[in-house]
Amino acid sequence: MEFQILPQRFYLRQDVLLIARELLGKRLVSHIDGALTAGIITEVEAYRAPDDKACHAYGNRRTPRTEVMFRAGGCAYIYLCYGMHHLFNVVTGPEGMAHAVLIRAIEPVEGLDVMLTRRRQKKLSPQLTTGPGVLSAALGLHKKLSGESLLSKKGEIWIENSNLNPTAKDIASSARIGVDYAEECATWPWRFYLKNSNWVKKTKTR
DNA sequence: CGAATGATCGGCT
DNA sequence: GCCGATCATTCGA
């Protein structure tokens, strides 16, 4: 079955919270080292410069790392976290606007064997692709792919439609995870996830 | 179970 | 020099 790739106009909009919610249920696909792997996006977080202290580009600070966040929407921002995890974000908004959506979890749908091998797991379970670091590992995403376009199926990463079309009643929100340092921004309910999915990290704080 | 901890390194809020 | 948009493992109850 062929799914339609998300066009650049999807990413160019200025409302990153809306885009984050709309990414739920879409298919995230990687074609890396000759292997095709894909999963349904089940959990995301929005980050929005300049006012969001949890965003790496807070205050519109430009560094070699954050530079890609200022590009026009439709490319990947991947960075290293805790010295070992590559976290995958989607850059959104027009050029000069540093918005991004962190993909936190997917439900695997294609290339399960490849994902299991990359994660060194034997059995399919939520821990295969639930969590921003493990999802990147399963899809083979690496920070050297930061800045890659998401707009062509000839590329290494893209996002396409699925049969799912979650509506407001299917979506829950909460504060973002791991951003306690961000002061008043730490409580903003900018994490979104599919209520009925098993492929979402359980949070203890509620 | 939950909490604590070690791994490991780039970027500097 | 410090510490994170994390995860797997271990330890204790």
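Computed over heavy atoms, backbone and side chain alike; hydrogens, waters and symmetry mates excluded.
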Q. Between A:Y58 (OH) and B:dT13 (C1'), how many Å, whole number?
A. 8 Å
Q) In the structure shown, which nucleotide is the Watson-Crick or G-U wobble counterpart of B:dG11, with both distances under 3.5 Å? A) C:dC2
**Q.** Euclidean distance, atom CD of residue A:E183 to atom P of C:dG4 [Å, nearest integer]
**A.** 13 Å
Q. Given atom CZ of A:R119 and atom C1' of C:dT9, what is their separation to the nearest angstrom?
A. 14 Å
**Q.** Minimum heavy-atom distance between A:Y47 and A:V16, given as atom pair plus value
**A.** O-CG2, 4.3 Å
Q.
I need the OH-C1' distance between A:Y79 and B:dC12, as an integer number of Å.
A. 14 Å
Q. Where the side chain of A:T63 is concerned, which of B:dC12, C:dT6, C:dA5 is the nearest nucleotide?
A. B:dC12
**Q.** N/O donor-acceptor pair, side chain A:H56 with base C:dA5, under 3.5 angstrom
**A.** yes
(Q) Between A:M84 and A:K53, which residue's closest nucleotide on DNA chain B lies nearer the 5′ terminus? (A) A:M84
**Q.** Closest contact, heavy atoms only, A:L150 versus A:I5
**A.** O-CD1, 3.7 Å
Q. In terms of side-chain heavy atoms of A:Y77, which of C:dC7, B:dC9, C:dA5 is nearest?
A. C:dA5
Q. Can you tell which of A:H56, A:H86, A:H142 makes a ring-ring contact (aromatic ring centres under 6.0 Å, His included) with A:Y79?
A. A:H56
Q) Do the side-chain N and O atoms of A:K169 and A:T167 include a donor-acceptor pair separated by under 3.5 angstrom? A) yes
Q) At under 4.0 Å between heavy atoms, what does A:I177 touch on the DNA or RNA strands: base, sugar-phosphate, or nothing? A) sugar-phosphate
Q.
Rounding to an integer number of Å, can you tell me how far A:I78 CD1 sits from B:dG10 P?
A. 16 Å
Q. Is the distance from OP1 or OP2 of B:dC9 to the nearest side-chain N or O of A:K143 less than 4.0 Å?
A. no
Q) Within the structure, does a side-chain N or O atom of A:Y181 lie under 4.0 Å from either OP1 or OP2 of C:dA5? A) yes
**Q.** Distance below 4.0 Å between A:R61 side-chain N/O and B:dT13 OP1 or OP2
**A.** yes
(Q) Applying the Watson-Crick and G-U wobble criteria at under 3.5 Å, what pairs with C:dA8? Answer none if nothing qualifies. (A) B:dT5
Q | Under 3.5 Å side-chain donor-acceptor pair for A:R27 and A:S162 | A | no
Q: Map A:Q127 and A:G178 onto DNA chain C by nearest heavy atom, then report which one ends up closer to the 5' terminus.
A: A:G178
Q | Whether A:Y47 stacks on the six-membered ring of C:dA5 base, 5.5 Å and 30° limits | A | yes
Q | Spacing of A:Y82 atom OH relative to B:dA7 atom P, expressed in whole Å | A | 16 Å
Q: Find the distance A:L87:CG to B:dG11:C1' and express it as a whole number of Å.
A: 14 Å
Q: Measure from the side-chain heavy atoms of A:V134 and tell me the nearest of C:dA8, C:dA5, B:dG11.
A: C:dA8
Q) Rounded to whole angstroms, how far apart are NE2 on A:H86 and P on B:dT8? A) 13 Å
(Q) Looking at every non-hydrogen atom in both residues, tell me the closest pair between A:M115 and A:A38 and how far apart they are. (A) CE-O, 3.3 Å
Q: Remember a base hit wins even if backbone is also touched, and classify A:R120 as base, sugar-phosphate or nothing at under 4.0 Å, heavy atoms.
A: nothing
